[in-house]
Amino acid sequence: MLELRWHSRAGQGAVTGVKALCDVMAHEGKHVQGFSVYGAEKRGAPMNAFNRVDENPIIDHSKAMKPDYVLVIDPSLVYTDIHYDIKETTKYIITTHLSKEELLEAVPAFAGKEIYLVDCIKISQEEIGRAMPNTPMLGALMKVSGLFEIDDFAGSMEKLLYKFPQKIIDGNVKAIKRAYAEVK
Amino acid sequence: MSEMKQIKNLKQFSTSKERFQGGHRLCPGCSHSIIVREFVNATDDELCVSTATGCLEVCSTIYPYTSWDVSWIHIGFENAAAAISGVEAMHKSLKNNKKSFSDKPMKFIAFAGDGGTYDIGFQSLSGAAERGHDFIYVCLDNEGYMNTGGQRSSSTPIGGATTTSPAGKVSYGEKKLKKDMMQIMAAHGCEYVAQSAPSNWKDMVKKAQKSFAASGPVYINAVSPCPTEWKFDPSMSMEISKVMVESRVVPLYEIENGSKVTVNYKPKNHVPVEEYLGMQGRFKHLFKPSNKHVIEEWQKNVDAKWEYLLRREEAGI
Amino acid sequence: MTEEHLLKGWEEFEPGATLFSFEGKPDQEVHHENNSVQHSVADWRVDKPVHNKEFCIDCQFCWVYCPDTSIIPDVDDKGKGIFGHIDYKHCKGCGICVDVCPTNPKSLLMFADHLPVEEALRQWPEKEEKK
Amino acid sequence: MEQNRIVWDGNMAASQAMRQAKIDVVAAYPITPSTPIVQNYSQFVADGDVDGEFVMVESEHSAMSACVGAASAGGRVATATSSQGYALMIEVLYQASGMRLPIVLNAVNRALAAPLNIHGDHSDMYLGRDAGWINMVANNPQEVYDLNLCAFKIAEDYSVRLPVAVNQDGFLVSHTTEALNYLPDDEAYKFIGDYKPHNPMLDPEKPVTYGAQTEGEWHYEHKMRHEHAMYNSFGVIEKVLAEYKELSGREYKFVETYQVDDAEEIIICMGSVAGTTQLAVDKLRAEGKKVGLVSVRLWRPFPKEELAKYLGKTKTITVLDRSAPLGSTGALYNEVAAVMVDNGYNAVLLNYVYGLGGRDMTIDHLTEIFNSAKECSDAGKRVKPLIQTINLRGKELSFY
């Protein structure tokens, strides 16, 4: 089973990102589960969302998870505790404008961890026109995980977004591809 | 569209098909059934009626009997308006989808006492009125919870002795003025809001017919003298109702489209409030010298309200 | 007291305790056994109203103000409603019909329930002089 | 039957089933976590995807009242609610069932205040236990969808004519996105069938009175008629579920079981925890432990006979209740205990109060419960307190 944990701020689209990943994976015949931890908090509060993907039906409805990937879509969240319940092989994909060196210096807790960086905020601002780091993060995930060919994934996302104006769809596709190319 | 039934006089009206039958278990002399008959017999349209818990509900449908010759539902004390809004919504839904049971014109009425209107049913009434359902809400206003032994409601007038606002050594009974439901319902933007009294059958029938002709929410405040809890002889119900109108305690007026006030009847001879109060046991204690000030306050309030209505009418707002 | 024939077993009732107003269609005007018109409340009455045709002007006030639907009108040859009869099965003897009767002397008066109507009519008062 | 695969959460699954049922009137009021059902349905209305009336009332009390009015008027009716809203509806839930109106309620289960909590437990479902509704429990979005379609068909069957609640765990199902299969619109509707009105208020040819007062001479008979309909519904529910299996390939039983045949320790539960428990069973079976799972699908009417089939040979039964019983054993425990007594079974019985306010219940917790039960099996008697807690902070707490 593949497990992912998202770290986001309420309103940044982590839940939408979780659902989008579910959609695309389910389309490929996988069993999926997406959920988040809701509270009474409003826009801006740190929050988590989760994905499970498997070949078999997913019947676990607990929140217990040792994620294969930790996705951080708000740059400031690296300073909070995002390291619980991880395993040795857990990979981090982090939205930041910092370089790897700068990040390690700012947050020593990342030392010895497998981290990948990409500036999803900047990418989404430039390609979609607003800070919506969720879809570019999925592009970066495709690169790091190798789950899908990027063109296939971008094509699936394009279909998924059919209800939106063409401009938004195009922007998202561009952002996904750019994050795929830029993640390091 | 339904056609308005021609009702010029009682000779004509009394040929109506009766839609509320005898054999119900209301007290002798109860005004509720008089109002109901004046209302439901004033149209030939098909009717669906909901009724809040209360005297009318209990007494007209004690199993195994129903007094209603039209479809009728009772759910609870506080939800007559919500219940009829559901019936009306179903009617609309079936009509829009060509699944109606009948093409006949259909109207929807909720009857409730003042407890089920002014107090516990207020939210449900406010909601249904705000949503703009095509329904008529008739409050049978007997100024208290008469179904359960005469407790106070927010419709009980000042000085009224009830079992929960009794007069005693240091109390003259109810301390608060009656809630002004007419203005509240007008403020909801109801298409038609009117107050009537059963003793003036022509006024009641006219208002019923205006209600049936409306397509939006309608609120009718029908004052309903209660021989049992107001404490007067059952034969006097219409007498009391008449004095309520003549003394301007119950002005017969209407408010159209939320603002336009018309006073439908202006009594020519001045009947003091004292005369009305003196006819009922519930106000007996007000005639003690120490409580005289309450009667004075009563008269002041009635005069002020009357002046206010006349000025609203004159100003056309 | 409930009529015996209505006391059925649980399996015989309509689900949901619903009641019906009519046997057949409403325009056939045959009331269902569960319509309260089938039920007598005559035993509520202590005094009864008696109608005196001699003074009646068919104003129909008694019809409109009867809370127990117990003034049953007739229709004259012009199609107009006139006084018909009193439905003593449903009249509770409240006396409103007497109170609202405008004639002088009144065309409706209350008498003890056990008094025969003929006797009541014999006791009918004279026209009252205005004071 | 060719089916479409899609990703929905439990709320969307309920909303889509409602859309396919072509409901005549939905009267609803939003409350977390069932709010998305009301929102989704509003969007269907805005997009012209539903033909019926949608009444956005001012409270849950009025929502159910309008549903009762609409159902008695003569058409298909449904709504959704949770928790405090469910509690506000409760008076009218009794009215709906007593008047034998086939309303479908999506009950997205959530804790009851105080203290306030928006997450899933079964306090609200338990509150409605005696309200005379058929209650089914869906453990994931697929089941929410399937049971909704079945609910309309069961409720509207003439011999049943009872309202049906489809329960799902708040957030754990309602807000959890999963892949599921759904029927094409026309097939789903064909399965449910056209609404067959019975004593509609709106038929002027047959005026009907709903909600009369039944005093001493009558009330008992009417309540027992209701009771009879409830027990009688087992057969119809079974038939509808079988028809649905034929159509969709998905099978539902009153009581779902997993590895119970030779099980010495059995957990009995309701709701989404069943899936997690199944994984705990797998884990322990791999270690050679004889454990099993019974998940109750039909909460009312309670399938006593069906349940009895699985409890005769086991050594210890642990019943999980997701609601604080506050002064006694849990409601599900009580049902199970009655089945044991009625059948002369004598396994050790344990009761856990778990998962309140959405507290997590993991495979590890369930393993711990099974292991605790094993100690009773080995001892041949109850060596643990009757009521225990799991994943609760603070000093160990148990009762009886």
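Just so it is clear, the structure is predicted and the values come from calculations on it, not from any experiment. Order of the sequence lines sets the chain letters (A, B, ...), proteins ahead of strands, with each chain counted from 1.
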>> Under 4.5 Å from any heavy atom of chain D, what part of B:Glu88 do you find: side chain, backbone, both or neither?
In response: neither

>> Which one wins on heavy-atom pair count under 4.5 Å against chain D: B:Val58, B:Leu47, B:Ile84, B:Asn96?
In response: B:Val58

> How many angstroms lie between atom CG of D:Asp203 and atom OG of B:Ser71, to the nearest 0.5 angstrom?
Replying inline: 7.5 Å

>> If you compare all heavy atoms of B:Met106 against all heavy atoms of D:Pro204, which two are closest, and at what distance to 0.1 Å?
In response: CE-CD, 4.4 Å

> Do B:Asn97 side-chain atoms and D:Asp51 backbone N/O form a donor-acceptor pair below 3.5 Å?
Replying inline: yes

> Does the side chain of B:Ile73 reach to within under 4.5 Å of the side chain of D:Thr209, using non-hydrogen atoms?
Replying inline: no

> Quick one: what part of D:Val57 sits under 4.5 Å from any heavy atom of chain B, side chain, backbone, both or neither?
Replying inline: both

>> Less than 4.5 Å to any heavy atom of chain D: does that hold for the side chain of B:Glu78, its backbone, both, or neither?
In response: side chain

>> Shorter than 4.5 Å, heavy atoms on both sides: which option in D:Thr214, D:Asn199, D:Val77, D:Val208 has the most such pairs with chain B?
In response: D:Val208

> At a heavy-atom separation under 4.5 Å, does D:Met64 approach chain B through its side chain, its backbone, both, or neither?
Replying inline: neither

> What's the shortest heavy-atom distance between D:Ala73 and B:Phe101, and which atoms?
Replying inline: O-CE1, 3.8 Å

>> Salt bridge check, D:Glu53 against B:Lys95: does any charged N sit closer than 4.0 Å to a carboxylate O?
In response: no

> Out of D:Lys206, D:Met201, D:Met56, D:Met99, which one racks up the most heavy-atom pairs below 4.5 Å with chain B?
Replying inline: D:Met201

> Under a 4.5 Å heavy-atom cut-off, does chain D meet the side chain of B:Leu94, its backbone, both or neither?
Replying inline: side chain

> Can you tell me how far the NE2 atom of D:His61 sits from the OG atom of B:Ser124, to the nearest 0.5 Å?
Replying inline: 8.5 Å

> At a heavy-atom separation under 4.5 Å, does B:Ser50 approach chain D through its side chain, its backbone, both, or neither?
Replying inline: neither

> Do D:Val55 and B:His133 pass the side chain to side chain contact (heavy atoms under 4.5 Å, CB included) test, and can you show the C-alpha distance, the side-chain angles, and the key distance before you say yes or no?
Replying inline: CA-CA 10 Å; D:Val55 191; B:His133 292 278; 3.7 Å; yes

>> Using heavy-atom distances under 4.5 Å, tell me whether D:His222 contacts chain B through its side chain, its backbone, both, or neither.
In response: side chain

> For the candidates D:Pro197, D:Ala96, D:Ala212, which exhibits the highest count of non-hydrogen atom pairs separated by less than 4.5 Å from chain B?
Replying inline: D:Ala212

>> Within a 6.0 Å radius of atom CG on B:Asp103, are there more than 12 heavy atoms belonging to other residues, nucleotides or ligands?
In response: no

> Where does B:Val70 contact chain D at under 4.5 Å (heavy atoms): side chain, backbone, both or neither?
Replying inline: backbone

>> In the structure I gave you, are the side-chain heavy atoms of D:Val92 and B:Asn79 within less than 4.5 Å of one another anywhere?
In response: yes

> Top residue by heavy-atom pair count (under 4.5 Å) with chain B, among D:Ala27, D:Pro200, D:Ala63?
Replying inline: D:Pro200

> Rounded to the nearest 0.5 Å, how far apart are CZ of B:Arg131 and OG of D:Ser62?
Replying inline: 6.0 Å

> Counting heavy-atom pairs under 4.5 Å to chain D, which of B:Ala80, B:Ser60, B:Ala89 comes out on top?
Replying inline: B:Ala89

>> Let me confirm one number: the CG-NE2 distance from D:Asp24 to B:His91, rounded to the nearest 0.5 Å.
In response: 13.0 Å

>> With a 4.5 Å cut-off on side-chain heavy atoms, are D:Glu58 and B:Ser126 touching?
In response: no

>> Is the shortest side-chain heavy-atom distance between D:Trp218 and B:Pro64 below 4.5 Å?
In response: yes

>> B:Gln123 vs D:Ser59, test: side-chain hydrogen bond (donor to acceptor under 3.5 Å, both in side chains). Steps then yes/no.
In response: CA-CA 9 Å; B:Gln123 176 182 313; D:Ser59 71; 3.2 Å; yes

>> Quick check for you: to the nearest 0.5 Å, what is the distance between D:Leu202 atom CG and B:Lys104 atom NZ?
In response: 13.0 Å

>> Less than 4.5 Å to any heavy atom of chain B: does that hold for the side chain of D:Glu215, its backbone, both, or neither?
In response: neither

> Looking at B:Ser93 and D:Gly52, what are the two nearest heavy atoms and their distance?
Replying inline: OG-CA, 3.6 Å

>> Return the CD to OH distance between D:Gln213 and B:Tyr65, rounded to the nearest 0.5 Å.
In response: 15.5 Å

